[in-house]
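To keep things clear, I will list the structure first and then write my remarks on it.
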Amino acid sequence: MPRVAQVETTAGPVDAGDLGLTLIHEHLRVRSESVARAFPRIYDEEHERTRALDWVSQAVARGVRTICDPSVMEHDRDVRLQAEVAGEAGVQLVVATGIYTYHYLPEHFRNREIEYMVDQFVSDIEEGIQGTDIKAGFIKCCTDAQGVTEDVEKVLRAAARASKQTGRPIMTHSHPASGAGVAQMGIFNEEEVDPQKVLIGHTGDTDSMNYIETLLGMGPFIGMDRYGLDILLPTERRNWTVTELCDRGYADRMFLSQDACCTIDWYPEELLREAAPNWNMTYLLDDVIPALKESGVTDDQIKTMMEDNPPRWLAG
Ligand SMILES: [Zn+2]
């Protein structure tokens with residue numbers, strides 16, 4: 001019998017074929033790490049935990065079996081909290097290693113070689129995160145409007161090398177308006193990463209078919225993963241893009257998700273709810289997928305994006 005490919009979750013490895021309906025990019029909690037460390041009085045941990053359990057449970061009630069949470073360094077990642085919430089909500093949670101920065105690194109990493117950073121990522125993947133035996137299922141890195149700064153490049157190359165060393169895939173945060181996804185693929189190519197191991201996140205923030213097809217031509221998966229953030233691109237434009245890409249035969253390269261943060265401290269909560277009222281963990285299943293079907297996306301294509309692509313990327 002050939003060994004069945006497995007995916008690490010907070011409750012240990014599961015067979016890749018058992019992932020089921022998967023949200024590829026959602027956050028149980030996002031905090032500004034240095035602020036949370038210095039001024040813990042600002043935060044209500046009970047509220048954060050309750051909200052995370054509530055939102056994840058609502059997704060589970062709609063059939064979601066697996067969630068990938070790319071919360072890493074600079075999101076104030078807490079793998080024990082992630083594991084507790086996942087266990088209580090009854091979801092398979094795949095957690096990540098990596099560093100979330102748009103521009104600079106702490107001096108600690110600036111003043112050390114790339115390989116030192118690679119070692120930290122590999123340790124999260126092979127030994128466990130934050131002193132637990134919970135292993136990272138994928139690697140997260142970023143490029144935003146600032147472009148590939150010296151420090152961002154260091155993280156991208158470290159992610160690439162950790163991926164090659166461990167076989168774990170990479171998920172990026174990108175900024176399509178500045179061509180960040182294409183720039184990221186350029187670096188991953190230099191590092192000789194298999195493009196099938198790469199998911200260029202936030203590609204759905206643009207409706208430029210030209211940009212998206214250029215990126216797809218480089219071989220990665222793409223994330224149409226910020227449904228509910230209409231301030232960046234309205235749902236109607238996101239749906240138009242996904243429908244068009246399905247028509248052009250790209251369903252096997254796309255993921256649909258929301259990048260929803262059960263709680264996030266970047267903005268005052270009232271402001272956030274007002275600016276993005278649909279940004280939650282069930283908008284995709286309740287509103288977006290029915291609308292996509294009305295615009296001609298087939299059940300098969302939805303299944304490809306929501307159920308078949310996750311094991312291909314995570315364990316391919
Ligand atoms: Zn995110």
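Since the model is a prediction, treat every value here as computed from it, not as a measurement. Positions are given from 1, in the same order as the sequence printed here. In each ligand, atom 1 is the first atom listed, and ligand 1 is the first ligand listed.
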Tyr102 ring center within less than 6.0 Å of Tyr104 ring center
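Not under 6.0 Å, so no.
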Partner of Phe188 by side-chain contact (heavy atoms from CB on, under 4.5 Å), out of Glu192, Glu190, Glu191, Met185:
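The option that passes is Met185.
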Once rounded to 10°, what is the value of the angle centred on the Zn ion (ligand 1) between His25 NE2 and His27 NE2?
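Output for this angle: 100°, rounded to tens.
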Within the distance-only criterion (no hydrogens, no angle test), does the side chain of Ser163 pair as donor or acceptor with the backbone N or O of Ala159 below 3.5 angstrom?
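No, the answer is negative, given that no donor and acceptor are paired below the 3.5 Å cut-off.
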Answer yes or no as to whether an N/O/S atom of Glu26 is found below 2.8 Å from the Zn ion (ligand 1).
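Here the distance criterion (N, O or S atom, under 2.8 Å) is not met by Glu26, so no.
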How is the N/O/S atom of Asp259 that comes nearest to the Zn ion (ligand 1) named?
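Distance check against the Zn ion (ligand 1) picks out OD1 in Asp259.
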Would Arg31 and Asp265 satisfy salt bridge (Lys or Arg N to Asp or Glu O under 4.0 Å), going step by step from the backbone distance to the final call?
CA-CA 5 Å; Arg31 305 204 298 196; Asp265 71 347; over 6 Å; no
